[in-house]
Visitor: 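Below you will find the structure I want to go over with you.
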Amino acid sequence: MRVVSQSVSQSVSLGPKFRAALNDVLGGGAASVLTVTFGLSYSLLIFAGPLSPYLSYGVAATFISSALLAGVIALGSSLPFAIGGAESSTAAMTGILASSLVERIQASDPTAPLLGPVLFTLGLSTVITGIVLCGFGVTRMGRAIRYVPYPVVGGFLGATGFLIVIGAIRVITNQRVQFATLGRFANLLTVSELAAACAMALVLYLTWHRSRSSLGLPAILIGGVVAAHVAFWLAGIPLAEAQASGWTFQPPPVASFMLPWSASEISHYPWYAVPDLLGNLIAVIFVTATSTLFNTTGVEVASQREANLERELNVTGIANMLSGALGGYPGCISVSRSLLNLSTGGTGRLSGLTVAAISALMLAFAPMLLGYMPKFVLGGLLIYLGADQLHKWIVESRRRLSKTEYLSLLAIIVIIVQWGFVAGVLIGVVIGCATFALSASRIDSIKYSFDGSEYRSSLDRSRDDQAALAVHGKEIQGLNLQSYLFFGSANRLYQHVKALLARHPECRFLVFDFKLVTGIDSSAAYSFAQIKRTAHDRGIKLMLVHLPPAAEKTLRSSEFISSEVNIIAELDHALEWCENEIIAQHQGLEQEEASLRDWFTQILGTEHDAMQLIHRCRRIEVDAGETIVRAGDAADSMHFILDGRVGIMIPADEGRTTRVRSLGRYTTIGEMGLVSRAPRNATIQAELASILYVLDSDQFELIKRDDPALSQKLLTYFVSVMAERLTFANRAIAVLRR
């Protein structure tokens, strides 16, 4: 009984495992249909033109690659159902690399052998690609490729689609598409072949493109082959004639396996062509790495399963190194084949191993199949793949990208087609960075602004102080900054500050809050230096709040931070300091204005006249040693000295100056010049820090016009002052004559 129960339990347990294995084999079989079909078209894409006689070697390289990539990725991928193989983008890049080598060899020696150097180049480039992918995986540098601007990737893949279409035309007509060769396409046979291929691509678009069923593609391709041979039979064209005229492929001989690493091939390799191939080699690596990352992400999103990115890079790198060692070319995980396998029921690693086994079997059967394959069938498949790629990146991407990004994508496509992938990627990265900088500079670096009349410190103040701040609070202007400050956004900040100061000429304190700033570069420090110069010219104090250490280091290295700039930890404390300065100043100004009013009342006789004169004057402050006016200047003003002391200086010997008179508080200077308008004959210089009120000639003329009584009182005062000075001078002369 125990033995019987064990056998029953084993059979029950084998049931689900058997069904899972069967689903894996069926899913792998469905994915194999795509692998075989795409593999044949890719071999035709790579071994076209002068390499077409060696197509059997290309077919062998294709299915060696397919078998190794599918097997290794199946065994090592973090997604057990993943199917690996050559992709249209990697095959297109490999074809460009091979054709570039062939062109270089034929330009140097038209009789030189092609097969050995091409197989060596394909194998070596694939091994190098595998090493680079493993390097990306080990160092986790593969994530950096995700920082490549999206329009660059789109332009890259769009250009790849264009090159696939061009390659398809070459497969069908055996002619390279160039301006010099356009005349060769103007014949009925070539036009008929291209029309048939376009019709095949249209059928694929109208049927398989919309359904994506596992059996749809092989059914359409088989139908195309059958329809072509029926058309040949109805037209009375035998198979040999169809092959000779170019409607079908010439049956290639059975290829014997050939490793590209023989000493003879290496010694005869055209090493002079290597510098010209480096750009295309970099393109192969970039395309394979990009396809690996984006395809893995695409499978993640579609299957809702998370993949280990570093592991995928390492596994794909190992698969490519093995493929290159046996003469294959690069590949990676395939989105379409992996999802087809998953939708068919395959969930395990047996699916990929099934694809690998079928690809290995095709090494024996594929050459025979090509002899019956019309060119327009596989050529139409390539046209469909390239056109689908172009439609995705030229038409569909327009809805996802801004106008600037879309134009840069189109520019990158043109650059790649015209000058190659390396130039396109490098220029594309530059365009992407410039576009990003332009977009980032449009982000306002100012989150909000405020002034001291609407936003104050938390300090409770008396009613008198609050009243002073309500009247004079706009002397404090604050800006709350945000984001990363660089040359674009910082320059906009400088322009904003200039406009702010123009609107608020009363500003005395400019507060910058860096609490939301993530960083600042050296070019932004230059804009802050411009702000500092503008503030210094207007006598404005700069306050920096919540300044991060990195930003402080950048601003100090640019010599922005000095004694003229205050750094305060918190905004509340900065506002309190500014408010204290405003209250102290305006309380002092009130006392100063009262003293000035009393003085002018004493001069003019009435407080009304005193206030009228105060309103006509402008207040200035001068430091000790500062020149107020110079000898020879136009006498267009007079000065009332409210506080301090000034001296009247005249030139002396050896470039020195001599003081001839000194004037203290409650005195005036320049009144006779205001009346006579004669140029000044002496320099007036502050001997102490002084406060002066200036009456300009324009204001004096307005007083004479609008208030003749006040004008008469001023003239009377001027005469009395001059009389006092003349009396003093006469006494001094009398003393000197004793």
Side-chain angles (χ1 to χ4, degrees), residues 505 536-539 592-593 595-596 599-600 602-604 609-610 612-708 710-736:
H536 179 268
D537 294 341
R538 296 172 177 261
E592 178 185 306
E593 184 175 340
S595 177
L596 181 65
W599 178 29
F600 281 3
Q602 182 181 359
I603 293 173
L604 303 173
D609 289 337
Q612 290 297 317
L613 181 57
I614 290 174
H615 292 158
R616 297 289 186 178
C617 295
R618 58 184 176 88
R619 181 183 183 276
I620 63 171
E621 293 185 14
V622 291
D623 295 327
E626 185 175 345
T627 299
I628 301 171
V629 296
R630 296 184 181 276
D633 291 348
D636 57 357
S637 62
M638 67 168 291
H639 297 77
F640 296 90
I641 305 170
L642 180 63
D643 193 19
R645 188 172 72 239
V646 302
I648 301 176
M649 319 297 291
I650 61 173
D653 297 336
E654 299 179 356
R656 296 180 295 106
T657 58
T658 300
R659 187 183 75 177
V660 297
R661 190 175 182 84
S662 183
L663 298 96
R665 62 196 305 260
Y666 298 149
T667 60
T668 60
I669 189 170
E671 59 278 341
M672 291 310 296
L674 185 64
V675 176
S676 65
R677 300 295 180 90
R680 301 188 188 275
N681 54 17
T683 296
I684 303 176
Q685 188 177 51
E687 297 180 343
L688 300 175
S690 305
I691 299 175
L692 300 92
Y693 280 78
V694 183
L695 179 63
D696 296 323
S697 58
D698 294 339
Q699 293 297 327
F700 183 62
E701 293 297 327
L702 291 175
I703 290 174
K704 290 195 295 183
R705 186 191 69 185
D706 301 335
D707 197 344
L710 176 59
S711 171
Q712 187 64 36
K713 290 180 180 181
L714 282 174
L715 291 174
T716 301
Y717 171 72
F718 296 163
V719 171
S720 65
V721 169
M722 293 305 299
E724 291 175 0
R725 292 175 182 169
L726 182 59
T727 300
F728 176 81
N730 290 334
R731 291 174 182 172
I733 293 171
V735 171
L736 294 175

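Heads up: numbering here begins at 1 and tracks the sequence. Values below: all heavy atoms of this structure, side chains included; hydrogens, waters and symmetry mates excluded.
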Visitor: For the residue pair A635 and A678, what are the closest heavy atoms and their distance?
Guide: CB-O, 3.0 Å
Visitor: Could you pull out all residues at least two apart from R538 that satisfy salt bridge (charged side-chain N to carboxylate O under 4.0 Å, His left out)?
Guide: none
Visitor: With sequence neighbours left out, write down each residue that passes salt bridge (charged side-chain N to carboxylate O under 4.0 Å, His left out) with D643, or none if nothing qualifies.
Guide: R665
Visitor: For D707, enumerate each residue passing the salt bridge (charged side-chain N to carboxylate O under 4.0 Å, His left out) test, keeping only those at least two apart in sequence or located in another chain.
Guide: none
Visitor: Salt bridge (Lys or Arg N to Asp or Glu O under 4.0 Å) for E701 and R616? Distances and angles first, verdict last.
Guide: CA-CA 11 Å; E701 293 297 327; R616 297 289 186 178; over 6 Å; no
Visitor: Decide side chain to side chain contact (heavy atoms under 4.5 Å, CB included) for L714 and L613; before the verdict, give the C-alpha distance in whole Å, the side-chain angles of both, and the deciding distance to 0.1 Å.
Guide: CA-CA 10 Å; L714 282 174; L613 181 57; 4.0 Å; yes
Visitor: For F600, what residues pass the ring-ring contact (aromatic ring centres under 6.0 Å, His included) criterion, not counting sequence neighbours?
Guide: F640
Visitor: Is any side-chain heavy atom of I614 closer than 4.5 Å to one of L596?
Guide: yes
Visitor: Nearest 0.5 angstrom please: L692 CG to I641 CD1, how far?
Guide: 5.5 Å
Visitor: Which residues pass the salt bridge (charged side-chain N to carboxylate O under 4.0 Å, His left out) test with R661, not counting sequence neighbours?
Guide: none
Visitor: Would you give me the side-chain donor-acceptor pairs under 3.5 Å for residues 680-687, sequence neighbours excluded?
Guide:
unit_1	atom_1	unit_2	atom_2	d
R680	NH2	S637	O	2.9
R680	NH2	S637	OG	3.2
T683	OG1	A631	N	3.1
Q685	NE2	G625	O	3.2
E687	OE1	R645	NE	2.6
E687	OE1	R659	NH1	3.3
E687	OE1	S662	OG	2.9
E687	OE2	R659	NH1	3.0

Visitor: List the residues meeting side-chain hydrogen bond (donor to acceptor under 3.5 Å, both in side chains) with R630, not counting sequence neighbours, and say none if there are none.
Guide: none
Visitor: Are any non-hydrogen side-chain atoms of L604 and Y717 less than 4.5 angstrom apart?
Guide: no
Visitor: Using 0.5 Å steps for rounding, measure from the CG atom of D609 to the CG atom of L710.
Guide: 5.0 Å
Visitor: Do V622 and I691 make a side-chain contact, defined as non-hydrogen atoms from C-beta onward lying under 4.5 Å apart?
Guide: no
Visitor: Residues in side-chain contact (heavy atoms from CB on, under 4.5 Å) with S711, at least two apart?
Guide: I703, K704, L715
Visitor: Taking the side chain as every heavy atom from C-beta outward, state whether D636 and D696 have any atom pair closer than 4.5 Å.
Guide: no
Visitor: Only counting residues at least two apart or in another chain, list the ones meeting ring-ring contact (aromatic ring centres under 6.0 Å, His included) with Y666.
Guide: W599
Visitor: Among all residues two or more places apart in sequence or in another chain, which pass the side-chain contact (heavy atoms from CB on, under 4.5 Å) test with E671?
Guide: M638, T668, F718, V721, M722, R725
Visitor: Taking side-chain contact (heavy atoms from CB on, under 4.5 Å) as the definition, give me every residue that meets it alongside Q712, ordered by chain and number, with sequence neighbours left out.
Guide: T716
Visitor: Grab the two heavy atoms, one from P679 and one from G632, that are nearest each other, plus how far apart they are.
Guide: CB-O, 4.2 Å
Visitor: How long is the gap from CG on L695 to CZ on R618, to the nearest 0.5 Å?
Guide: 10.0 Å
Visitor: Would a distance-only check, ignoring hydrogens and angles, find a side-chain to backbone donor-acceptor pair under 3.5 Å from S595 to E593?
Guide: no
Visitor: What residues, two or more places apart in sequence or in another chain, satisfy side-chain contact (heavy atoms from CB on, under 4.5 Å) together with D698?
Guide: none
Visitor: Which pair of heavy atoms, one from S690 and one from G644, lies closest together, and at what distance?
Guide: OG-CA, 3.5 Å
